[in-house]
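Values in this document were obtained by computation on a predicted structure and should not be read as measured data. In what follows, chains carry the letters A, B, and so on, assigned in the order in which the sequence lines appear, proteins first and then strands, with residues in each chain numbered from 1.
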There are 2 protein chains.
Amino acid sequence: MTTNEHLAGLLRGVELRVTQPRLAVLAAVHELPHADTDAILDASRARLGQVSHQAVYDVLRALTAAGLVRRIQPSGSVARYESRVGDNHHHVVCRSCGAIADVDCAVGEIPCLTASEDHGFTIDEAEVVYWGTCPDCKAS
Amino acid sequence: MTTNEHLAGLLRGVELRVTQPRLAVLAAVHELPHADTDAILDASRARLGQVSHQAVYDVLRALTAAGLVRRIQPSGSVARYESRVGDNHHHVVCRSCGAIADVDCAVGEIPCLTASEDHGFTIDEAEVVYWGTCPDCKAS
DNA sequence: CCATGATCTTGAACGAGTCAAGAAGAGGGG
DNA sequence: CCCCTCTTCTTGACTCGTTCAAGATCATGG
């Protein structure tokens with residue numbers, strides 16, 4: 001269970017002020033993994049009664065910048081957010097319905113992080129997206 | 001040199017009609033790797049004098065569907081296109097300026113394609129994006 | 001409890017991309 | 001070689017996720 005006290009603690013931990021919209025958005029991201037902004041907006045309103053969509057956008061940006069949530073955006077999809085941060089995991093995305101599931105990389109802690117030729121870039125993260133078909137879409 | 005005859009051959013090879021807009025767009029993608037739609041539109045107009053942006057969008061979609069070009073879209077970026085297809089290569093993206101460079105995966109021909117737990121998905125492609133800082137941005 | 005600066009509300013705007021209807025053109029059949 | 005048909009291109013409007021801006025509200029330190 002993610003209590004408000006717990007969530008408030010997370011916010012204080014990254015020196016963000018504790019506000020109702022932030023608690024609601026944070027709770028929504030925790031209980032709806034890979035939700036898009038609109039779903040998070042709905043969930044937040046269900047909790048508070050009224051929040052502006054702008055506030056949700058602002059909060060999501062602040063939480064992302066603080067590292068409390070992670071923003072993911074596969075090609076052709078709107079932005080989605082998840083609360084699982086800090087570990088090294090990736091995503092499988094369904095080509096036909098857009099469903100997303102978490103995947104731990106099989107190749108070790110830091111997968112593919114060493115590119116064969118980095119063109120002088122300083123690489124700090126390797127993001128992997130697996131494309132395929134989800135069980136539901138395979139059935140039809 | 002990518003001549004019009006060569007490009008026309010590519011189009012016929014995938015059973016697409018050979019039209020001026022298609023030749024221009026295909027040439028633009030070949031000479032401007034990782035260009036966005038707007039840059040491709042400009043390059044196409046430089047070649048033909050006049051093309052509608054809608055035609056460029058349509059052509060890019062047709063070429064992508066036919067497998068002649070590949071669409072890439074790192075988070076927070078607009079769609080970009082490249083003519084290098086069919087091989088297994090990935091991209092480094094600069095966090096501050098958005099520059100993109102090609103990278104061959106170091107881990108073998110099919111990198112990370114075996115996810116540890118696929119949640120029942122049928123995976124057909126693994127896309128890797130390396131995030132970092134390009135040489136130019138490191139300098140400033 | 002107050003002051004101050006961060007955060008939220010409201011409402012407008014932006015821009016990449018898509019939709020729709022009709023004109024133009026590619027390519028096969030006569 | 002020309003015409004017919006179906007695809008493709010033009011024009012112009014529009015959608016939708018996201019951002020901008022100005023003023024009101026509220027969390028937090030003193």
When the distance from [atom1] of [X] to [atom2] of [N] is rounded to whole Å, what number comes out?
X: A:E15; N: D:dA27; atom1: CD; atom2: P; value: 19 Å
X: A:L7; N: D:dA27; atom1: CG; atom2: C1'; value: 17 Å
X: A:L11; N: C:dC8; atom1: CG; atom2: P; value: 10 Å
X: A:D36; N: D:dG17; atom1: CG; atom2: P; value: 8 Å
X: A:H53; N: C:dT10; atom1: NE2; atom2: C1'; value: 9 Å
X: B:R80; N: C:dA16; atom1: CZ; atom2: C1'; value: 13 Å
X: B:D58; N: C:dA23; atom1: CG; atom2: P; value: 18 Å
X: A:R22; N: D:dC26; atom1: CZ; atom2: C1'; value: 11 Å

**Report entry** Which nucleotide in D:dC6, C:dG17, D:dC9 has an atom nearest any side-chain atom of B:V78
**Finding:** C:dG17

Query raised in the report: When you measure from the side chain of A:R71, which nucleotide among C:dT18, D:dT18, D:dC9 comes out closest?
Result: D:dT18

Query raised in the report: Between A:Y57 and D:dT19, is there a side-chain N or O to OP1/OP2 distance below 4.0 Å?
Result: no

Query raised in the report: A:T19 side chain N/O closer than 4.0 Å to the phosphate oxygens (OP1, OP2) of C:dA6?
Result: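 For A:T19, the contact criterion (side-chain N or O under 4.0 Å from OP1 or OP2 of C:dA6) is not met.
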
Report summary line: Whichever of A:A79 and A:L16 has the more 5' nearest nucleotide on DNA chain D, that residue is A:A79

If we ignore hydrogens and angles and just use 3.5 Å, is the side chain of [X] paired with the main-chain N or O of [Y] as donor and acceptor?
X: B:E82; Y: B:V29; answer: no
X: A:S77; Y: A:Q73; answer: no
X: B:R22; Y: B:V59; answer: no

Query raised in the report: For DNA chain C, whose closest nucleotide is more 5', that of B:Q54 or that of A:Q50?
Result: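 Final value for this comparison: A:Q50.
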
Report task. Select from B:R12 and B:Q73 the residue whose nearest nucleotide in DNA chain C is closer to the 5' end of that strand. Result ->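 The answer here is B:Q73.
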
Query raised in the report: A:D102 and A:H34: side-chain donor and acceptor closer than 3.5 Å?
Result: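 On atom types as modelled, these side chains qualify, holding a pair under 3.5 Å.
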
Query - CA sep, side-chain torsions, deciding dist, call: B:H91, B:E127, side chain to side chain donor-acceptor pair (under 3.5 Å) - result: CA-CA 9 Å; B:H91 299 100; B:E127 180 187 2; over 6 Å; no

Query raised in the report: What nucleic acid atoms does A:S52 come within less than 4.0 Å of, heavy atoms only: base, sugar-phosphate, or nothing?
Result: base

Report task. Would you indicate what A:A62 reaches in the nucleic acid, counting non-hydrogen atoms under 4.0 angstrom: base, sugar-phosphate, or nothing? Result ->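 Nothing: the residue A:A62, judged by heavy atoms under 4.0 Å, touches no strand.
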
